[in-house]
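One structure below.
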Amino acid sequence: MIAKPKGTYDILPNESPKWAKLEDTIRKICKLFNYKEIRTPIFESSEVFHRDQNDTSDMVTKETYDFKDRSDRGITLRPEGTAGVARAFVENKLYVDNPVSKLFYMGPMFRYERPQKGRNRQFNQFGVEALGSDSPLIDVEVISLGATLIRALGLKDVTVKINSLGDEESRTAYKNVLIEHFSKYKNDLCSDCLNRLEKNPLRILDCKVDRDKEFFKTAPKINQYLNDYSKNRFNDVLEGLDLIGLKYVIDDNLVRGLDYYSHTVFELEVNIPEFGAQNVIGAGGRYDNLIKDLDGPDIQGVGMAFGLERLLLAANYAGKKLAKEDQIHIYFISLGKRAAQESIKQANICRIGGLSCEMDFKERGIKAQFKEADKYNARFTCILGDDELNNFKINIKDNLTDEQETISLYDVYPYVINKLNQVNNPCGSCKLKENNDEKSTN
Ligand code: HAM
């Protein structure tokens with residue numbers, strides 16, 4: 001038996017309705033915020049992710065799946081969505097028609113990480129990117145979209161952690177004092193941090209190895225080095241969050257694990273004990289140079305991504321039922337070849353009319369077919385044998401009310417539709433009232 005690669009998993013048919021429901025919820029929320037879907041390749045030219053020799057992020061230096069294709073081109077499986085979306089934005093000149101492009105994506109990402117609960121080598125992300133505006137309010141909108149999604153999944157205990165990395169000038173000032181600070185502890189730094197000290201000292205603050213050491217805690221904080229523009233911009237973001245009533249915690253150690261960020265960075269954390277270190281379910285920030293680095297115009301962006309696996313685990317923890325148990329409308333039980341032929345005919349008519357149907361394809365006995373109807377949670381069971389066929393009749397049972405009737409073979413579809421309408425609207429005259437109610441709640 002060939003097993004799946006380490007760090008991957010199968011989404012089996014009993015799990016997939018939850019995924020579909022989650023994706024559906026995400027799409028609805030993106031519509032509320034007017035973000036449009038973009039689908040980019042799952043592999044890109046390696047330069048899309050390996051742009052900068054000085055990139056010190058773990059994701060870029062240690063976790064990408066890189067390979068040569070048969071024509072010796074450098075290819076990388078996407079470890080995240082932002083760089084690919086930025087590449088597509090530049091290549092397709094999306095900035096020409098729209099001053100601001102608000103985009104979302106969903107799909108598999110690949111990182112060679114140590115697999116554990118909520119951390120996989122192939123995982124799925126939902127992400128948004130808003131490109132073309134440097135307004136602090138669009139940062140607020142992105143964070144608010146994330147919070148709306150979390151609320152829709154029934155999670156209440158969420159913390160928005162936020163920080164500002166400032167603009168280039170502020171970061172350069174800060175990097176210099178960090179170099180000065182950490183250089184005093186060269187002998188105590190892990191080998192990665194020694195490298196970061198030379199290439200990007202900010203990244204040291206994201207180190208999981210050195211994090212608890214004393215000299216780490218005494219390191220200078222970025223907020224003391226933000227210039228006036230960066231400080232004001234950060235205040236505007238915080239004020240915007242206050243305006244929409246979104247609570248946040250300023251975390252001055254938050255630098256995020258990717259090198260492209262400037263100004264706002266944030267993480268959305270859930271308080272779920274089993275999550276341990278994987279309690280960050282979504283994160284993002286502003287990137288002012290990425291589009292330029294990919295040979296595009298001087299256009300800024302801000303975005304955020306969630307791990308869908310973590311969202312599902314969190315929704316599960318919050319007790320949110322993401323998908324009702326699957327139900328089909330009709331199961332056709334057939335006894336004999338003629339009955340099976342009539343069943344596929346009837347099923348076809350019903351399916352065209354929008355009813356989901358199933359039937360037996362293994363010539364099983366009546367008991368096994370009843371069992372299967374039960375397994376599929378069929379609302380109606382139709383039973384068809386030679387006797388019924390000879391009289392152009394069919395037995396139909398409503399499994400909700402246990403009502404059983406023999407009806408004309410030609411009436412299956414209208415009969416079921418009528419019954420379904422009765423349940424949704426038990427009293428025909430209520431139709432008007434329902435419409436009025438709808439209007440008054442709008
Ligand atoms: P990130 O923090 O690397 O940011 O990933 C975002 C989210 O993806 C994480 O919070 C987590 O939920 C999920 N995630 C990351 N790695 C794994 C993994 N190995 N297994 C399962 N879930 C994982 C980004 O990817 C940025 N592109 C976010 C962004 C968008 N920034 C600006 N725009």
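Just follow the structure's listing: the first ligand is 1, and inside any ligand the first atom is 1.
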- Task: Specify the protein heavy atom at minimum distance from atom 31 (N) of ligand 1: its residue, its atom name, and the distance to 0.1 Å.
- Result: Y261 OH, 2.6 Å
- Query: Counting only heavy atoms, which portion of R111 has something under 4.0 Å from ligand 1: side chain, backbone, both, or neither?
  - Reply: side chain
- Message: Heavy atoms only: which of R256, E80, E269 lies closest to atom 4 (O) of ligand 1?
- Response: R256
- Closest heavy-atom approach to atom 12 (O) of ligand 1 among I281, V302, L258, T264 is made by I281
- Message: Suppose we screen for salt bridge (Lys or Arg N to Asp or Glu O under 4.0 Å). Which residues come up paired with R70, at least two apart in sequence or across chains?
- Response: none
- Nearest non-hydrogen contact to atom 21 (C) of ligand 1 from the set G284, A314, G118, G307 belongs to G118
- Task: Could you tell me whether R196 and D58 make a salt bridge, using a distance below 4.0 angstrom between a side-chain N and a carboxylate O?
- Result: yes
- Would you call the rings of F306 and F126 parallel, tilted or perpendicular if under 30° counts as parallel and over 60° as perpendicular? parallel
- For Y112, all residues meeting ring pair (Phe, Tyr, Trp, His ring centres under 6.0 Å), sequence neighbours excluded: Y65
- What protein heavy atom sits nearest atom 14 (N) of ligand 1, and how far off is it? F123 CE1, 3.5 Å
- Message: Could you go through E113 and R121, starting from their C-alpha distance and side-chain angles, then the distance that decides it, and tell me whether this counts as salt bridge (Lys or Arg N to Asp or Glu O under 4.0 Å)?
- Response: CA-CA 6 Å; E113 290 192 88; R121 290 187 174 166; over 6 Å; no
- Query: Numbering the atoms of ligand 1 from 1, which are under 4.0 Å from a heavy atom of Y260?
  - Reply: 26 (C), 27 (N), 31 (N)
- Message: Could you identify the single nearest non-hydrogen protein atom to atom 5 (O) of ligand 1 and state the distance to 0.1 Å?
- Response: Q125 NE2, 3.2 Å
- Could you please spell out the steps behind the salt bridge (Lys or Arg N to Asp or Glu O under 4.0 Å) verdict for R171 and D167? CA-CA 6 Å; R171 281 197 305 283; D167 61 4; over 6 Å; no
- Query: Hey, which of E37, E129, E141 is the one that makes salt bridge (charged side-chain N to carboxylate O under 4.0 Å, His left out) with K102?
  - Reply: E141
- Task: Enumerate the atoms of ligand 1 whose separation from the nearest heavy atom of E129 is less than 4.0 angstrom.
- Result: 30 (C), 32 (C), 33 (N)
- Message: Counting non-hydrogen protein atoms only, what is the nearest one to atom 20 (N) of ligand 1? Give residue, atom name and distance.
- Response: N120 N, 2.9 Å
- Item | Closest approach of any protein heavy atom to atom 10 (O) of ligand 1, naming residue and atom | V280 O, 3.4 Å
- Counting from 1, what ligand 1 atoms have a heavy atom of G303 closer than 4.0 Å? 30 (C), 31 (N), 32 (C), 33 (N)
- Item | Heavy atom of the protein closest to atom 11 (C) of ligand 1 (residue, atom name, distance) | R310 NH1, 3.4 Å
- Message: Whether the D242 and Y248 side chains hold a donor-acceptor pair (N or O, under 3.5 Å, no angle test) is what I'd like checked.
- Response: yes
- Message: Does any part of the side chain of F49, heavy atoms only, come nearer than 4.5 Å to the side chain of P79, both counted from C-beta?
- Response: yes
- In terms of atom number and element, which parts of ligand 1 are under 4.0 angstrom from non-hydrogen atoms of G282? 10 (O)
- Task: Just need the protein heavy atom nearest to atom 19 (N) of ligand 1, so name the residue and atom and give the distance.
- Result: E113 OE2, 2.6 Å
